[in-house]
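Chain identifiers are assigned alphabetically (A, B, ...) following the order of the sequence lines, protein sequences preceding nucleic acid strands; residue numbering begins at 1 within each chain. Small disclaimer: the values here were computed from a predicted structure and weren't measured.
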2 protein chains.
Amino acid sequence: MKTLRVPEATVTRMSIYSRFLERLDRNGMTTISSNEIADGVGVSPAQVRKDLAYFGEFGTRGVGYNVQTLLKYTLKILGLNQAWPLAIVGSGNLGQALSTSRGFNARGFRVACVFDYDAKRVGKRIGQLLVQPIAQFPELTRKENIRIGVIAVRNSLAQEVANIMVQSGVQSILNFAPITLRVPADMEIRNVDLSITLELLTFNVGLKAAQSL
Amino acid sequence: MKTLRVPEATVTRMSIYSRFLERLDRNGMTTISSNEIADGVGVSPAQVRKDLAYFGEFGTRGVGYNVQTLLKYTLKILGLNQAWPLAIVGSGNLGQALSTSRGFNARGFRVACVFDYDAKRVGKRIGQLLVQPIAQFPELTRKENIRIGVIAVRNSLAQEVANIMVQSGVQSILNFAPITLRVPADMEIRNVDLSITLELLTFNVGLKAAQSL
DNA sequence: TTACAATTGTTATAATTTTCACATAATAAT
DNA sequence: ATTATTATGTGAAAATTATAACAATTGTAA
């Protein structure tokens with residue numbers, strides 16, 4: 001088997017290209033060059049071509065790329081040629097924001113159910129959905145064939161939720177709790193840690209202040 | 001001047017180490033080794049030592065690191081030895097979630113004001129704060145000496161908000177709108193794009209599926 | 001036709017980041 | 001005192017990622 005080792009940064013950029021192409025397509029644009037893509041998303045043209053080269057040849061020399069075709073390929077590559085129902089655990093502010101978020105209800109993603117530990121929250125409505133008790137997680141996710149779980153609970157519950165997800169056969173986790181979760185190696189897990197991003201900002205602001213002394 | 005070029009990945013990890021040390025400190029632990037830190041956050045011990053080495057020597061050979069001391073240094077390095085009032089623009093679900101979020105109200109950060117374009121939202125209360133009209137942004141942020149702006153509005157408004165932030169003298173932007181914003185080169189800007197993170201998951205799940213064929 | 005311009009795909013080069021290995025220093029034990 | 005043990009800090013090697021340069025291919029215009 002050919003081991004396709006693709007840098008994570010490349011995948012990230014593929015996602016960005018894909019979204020950019022979606023916009024172009026909506027605007028009726030039919031052809032685009034690596035130069036224009038690069039310009040549009042703020043990377044170098046060589047980077048764009050190199051990234052695409054990991055997955056095949058999608059362009060025509062001297063011409064460029066067909067927007068629709070390339071868009072389709074990027075979606076396929078990212079695994080977005082299928083539906084991805086999501087299960088969110090935690091119906092607090094964050095859970096609610098995510099449930100109704102555009103990013104979580106587009107491009108194949110759809111929040112299919114929301115769970116909570118707190119009996120007071122269970123049964124409440126969020127958009128079209130009713131908040132379910134966490135005890136229902138295994139059954140409901142299996143029934144809906146959910147492969148992505150989102151952790152939006154407080155830190156002290158996060159590991160427990162992760163365990164439930166693992167046991168329920170969810171394959172991948174998006175974790176918003178700022179702690180390092182222990183999961184089996186074959187689970188896909190990503191952490192979204194807003195504090196880290198903020199601290200990257202303060203570090204760089206501090207750096208600039210120091211350099212201007 | 002010695003140009004301290006630190007990889008961004010290192011800064012990210014510093015933030016993770018710092019948070020981990022905070023926990024250890026709360027638990028009364030006094031000494032820790034690079035091995036234990038590595039274990040706790042899921043990187044290699046060499047990586048931990050190399051990362052710290054960018055900023056100085058903080059440990060004692062044969063012994064390890066003093067938790068409190070190292071914690072203080074990490075905070076200082078990240079610029080967290082000062083207060084960072086934040087201004088959030090957008091008081092929808094996301095804006096509300098962020099305003100009350102732990103990550104945005106800890107370690108020196110504090111949501112100092114929330115703005116909105118929508119007159120219907122202005123004046124509403126979010127936690128202790130009143131939602132302000134966007135027109136007040138320049139004045140209020142200057143008064144409160146705010147250097148970090150958070151964009152939590154819909155895509156079509158994001159660039160306009162960014163422009164206002166730039167003009168108001170805010171130095172850095174945390175952007176939640178999934179579009180590429182144009183700002184002067186000396187602005188610090190980070191994008192939090194949840195779709196990208198989700199698509200990284202689906203890509204990898206797809207990859208695993210392909211590999212197991 | 002032929003030459004020219006545009007733009008991809010790819011190879012080679014450079015830069016960056018991580019890993020490894022070990023000299024060095026501190027502590028504890030004999 | 002001497003030896004053994006532990007764990008840091010760092011220089012060198014390996015791996016990864018990005019950049020640059022260019023040959024190849026297409027379309028166009030003279």
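- Taking atom CZ on Phe55(A) and atom P on dG9(C), their separation rounds to 14 Å, with Å as the unit.
- The environment of CZ in Arg190(B) is crowded: more than 12 heavy-atom neighbours from other residues, nucleotides or ligands sit within 6.0 Å.
- Nearest to the side-chain atoms of Thr10(B) among the listed nucleotides dG9(D), dT18(C), dT10(C) stands dT18(C).
- Between the CD atom of Gln47(A) and the P atom of dT16(C) there is a distance of 14 Å, given to the nearest Å.
- Put simply, Tyr65(B) has a side-chain N or O that comes within less than 4.0 Å of OP1 or OP2 on dG9(D).
- Put simply, CD1 on Ile32(A) is 11 Å from P on dT7(C), counting in whole angstrom units.
- If you check distances only, the side chain of Arg61(B) never reaches the base of dG9(D) with a donor-acceptor pair under 3.5 Å.
- Here CD1 of Ile134(A) is found 6.5 Å from CZ of Phe115(A). Values are rounded to the nearest 0.5 Å.
- For Ser44(A), the listed nucleotide lying nearest its side chain is dT19(D); candidates were dT19(D), dT17(C), dA26(C).
- With DNA chain D read from its 5' end, the first of the two nearest nucleotides for Thr60(A) and Ser34(B) is the one closest to Ser34(B).
- For Arg49(A) and dT19(D), the shortest distance from a side-chain N or O to OP1 or OP2 is not below 4.0 Å.
- We find that CG of Asp51(A) is positioned 7 Å from P of dA18(D), with the value rounded to whole Å.
- For Met187(A) against Ser172(A), the heavy-atom pair with the smallest separation is CE-N, 4.1 Å.
- Scanning atom types as modelled, no donor and acceptor separated by under 3.5 angstrom connect the side chain of Lys50(B) and the base of dT17(C).
- Residue Arg5(A) places no side-chain N or O under 4.0 Å from the OP1 or OP2 atom of dA15(D).
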